Amino acid sequence: MNILKLRILMLIDKFHKATDVAEALQVKQPTVSFHMKSLEKEMGVSLFSLQQGRIMLTEAGKKLLPYAKQIISLEQEARQAVDELTEESQGQLHLGAESISGTYLLPTLMAKFAERYPDCRIQLEIQSPDAIRQLLKQGEIDFAFLDDRGSLPEYTVAEPVASDQVGVIRSARAPEVKLEEFDGTDMLDKHTWVKYSGSSVVDLYSSLVKPHLEINSWEAVKQVVSGGEALAFFPASGVDNHENAIPSVEWLPYPEADNKRSHYQINIVYQQDTHMNLMQQAFLNFIRQEGLEIKS
């Protein structure tokens, strides 16, 4: 007994004509007749009967029908499981991120995930928050990484991944700058400022100053600051604070009346009620676990 014979049994019960069954299976009509006879010989009983030009199932055929449906259903489930396993090991992920998380959070996470799933191809789009929201809405990316200051697209879910804070960077070689020197617009105007020109959560602070230089690269902003006496509003995540690192810039918290305002969350955002393949689910679980480690 093979799947094709059982499929023919099901289709005979649906169409009652061998020609229609042949068309549905995209085979020739004699092939259908051959397998019908072969199934009857294999089962040792008549399964089909011709009644007024229509092929009907006999009582034995009707008894076999639910088992045929169950076997075919199991075969389809087995194929899906194997296909998803292949998809997991050789899948693709399309990610989108605003500039801060795309530059400072995701590269390390992507490298770790790639070590665990070496056959997965990962594509990352780094664009403005609005552009990333649009890509997610259109289904062109699987996951978006966005700060919690902006609105979310409809029918999406956001889960926190990491916390960050906006502050000020200065050159590690420059004379020490005291926090009081940033307190008030008059004090801010006494310094030379470099601004990241793209859209980001830092915009709220960058708007407080008149920049002398605007650059659309966080790393270029950092290099300018490290080589002179300029300052810049900058995310804490973009400054390497590891013990063995030789700092080129120093990050300082920005003094403000509401200390919580400079803190924000970076979220992973995805479409609500959307079936995820195994690779997408594996990535989401990975980010959840890594997020717990980042927070701890």
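Owing to the predicted nature of the structure, the values given are computational and were not obtained by experimental measurement.
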Flag the pair [X] / [Y] as yes when at least one side-chain heavy-atom distance between them is below 4.5 Å, and no otherwise.
X: Glu125; Y: His94; value: no
X: Tyr270; Y: Met276; value: yes
X: Glu159; Y: Arg288; value: yes
X: Leu105; Y: Ile100; value: no
X: Leu95; Y: Phe283; value: yes
X: Val168; Y: Trp193; value: yes
X: Arg170; Y: Leu252; value: yes
X: Leu146; Y: Leu136; value: no

Distance check, rounded to the nearest 0.5 Å: [X] atom [atom1] versus [Y] atom [atom2]?
X: Asp164; Y: Tyr264; atom1: CG; atom2: OH; answer: 3.5 Å
X: Lys41; Y: Met43; atom1: NZ; atom2: CE; answer: 15.0 Å
X: Gln280; Y: Gln271; atom1: CD; atom2: CD; answer: 11.0 Å
X: Phe48; Y: Thr58; atom1: CZ; atom2: OG1; answer: 8.0 Å
X: Glu115; Y: Lys112; atom1: CD; atom2: NZ; answer: 9.0 Å
X: Leu109; Y: Ile122; atom1: CG; atom2: CD1; answer: 10.0 Å

For the residue pair [X] and [Y], what are the closest heavy atoms and their distance?
X: Gly53; Y: Leu50; value: C-CD1, 3.9 Å
X: Ser151; Y: Arg133; value: O-NE, 2.6 Å
X: Gly228; Y: Ser171; value: O-CB, 3.2 Å

Next on the checklist: For Phe145 and Ile287: C-alpha separation, side-chain torsions, deciding distance, then whether side chain to side chain contact (heavy atoms under 4.5 Å, CB included) applies.
Outcome noted: CA-CA 11 Å; Phe145 288 82; Ile287 291 297; 4.1 Å; yes
Checklist entry - So does Glu219 pair up with Lys222, basic N to acidic O under 4.0 Å? => result yes
Checklist outcome for this item: Per ring-ring contact (aromatic ring centres under 6.0 Å, His included), Tyr196 is matched among Tyr205, Trp218, Phe233 by Trp218
Checklist entry - Passes side chain to side chain contact (heavy atoms under 4.5 Å, CB included), Leu57 versus Leu9? Steps please. => result CA-CA 8 Å; Leu57 297 184; Leu9 180 78; 3.6 Å; yes
Item to check | Residue of the set Ile132, Leu93, Leu124 for which side-chain contact (heavy atoms from CB on, under 4.5 Å) holds with Ile141 | outcome: Ile132
Checklist entry - Only one of Pro129, Ser128, Ser200, Ser199 forms a side-chain contact (heavy atoms from CB on, under 4.5 Å) with Ser99, so which one is it? => result Ser200
Got a donor-acceptor contact below 3.5 angstrom from the [X] side chain to the [Y] backbone?
X: Ser38; Y: Phe34; value: no
X: Asn267; Y: Val269; value: no
X: Arg173; Y: Ser226; value: yes
X: Thr192; Y: Ala230; value: no

Checklist entry - When you look at Glu98 and Arg149, which way does the salt bridge (Lys or Arg N to Asp or Glu O under 4.0 Å) test go after all the steps? => result CA-CA 12 Å; Glu98 49 76 37; Arg149 296 295 174 87; over 6 Å; no
Distance only, no hydrogens: is a donor on one side chain within 3.5 Å (strictly under) of an acceptor on the other, for [X] and [Y]?
X: Gln134; Y: Asp130; value: no
X: Ser33; Y: Gln29; value: yes
X: Gln272; Y: Thr156; value: no
X: Ser262; Y: Gln165; value: yes

Item to check | Derivation of the side chain to side chain contact (heavy atoms under 4.5 Å, CB included) call for Leu39 and Ile8 | outcome: CA-CA 10 Å; Leu39 182 60; Ile8 288 172; over 6 Å; no
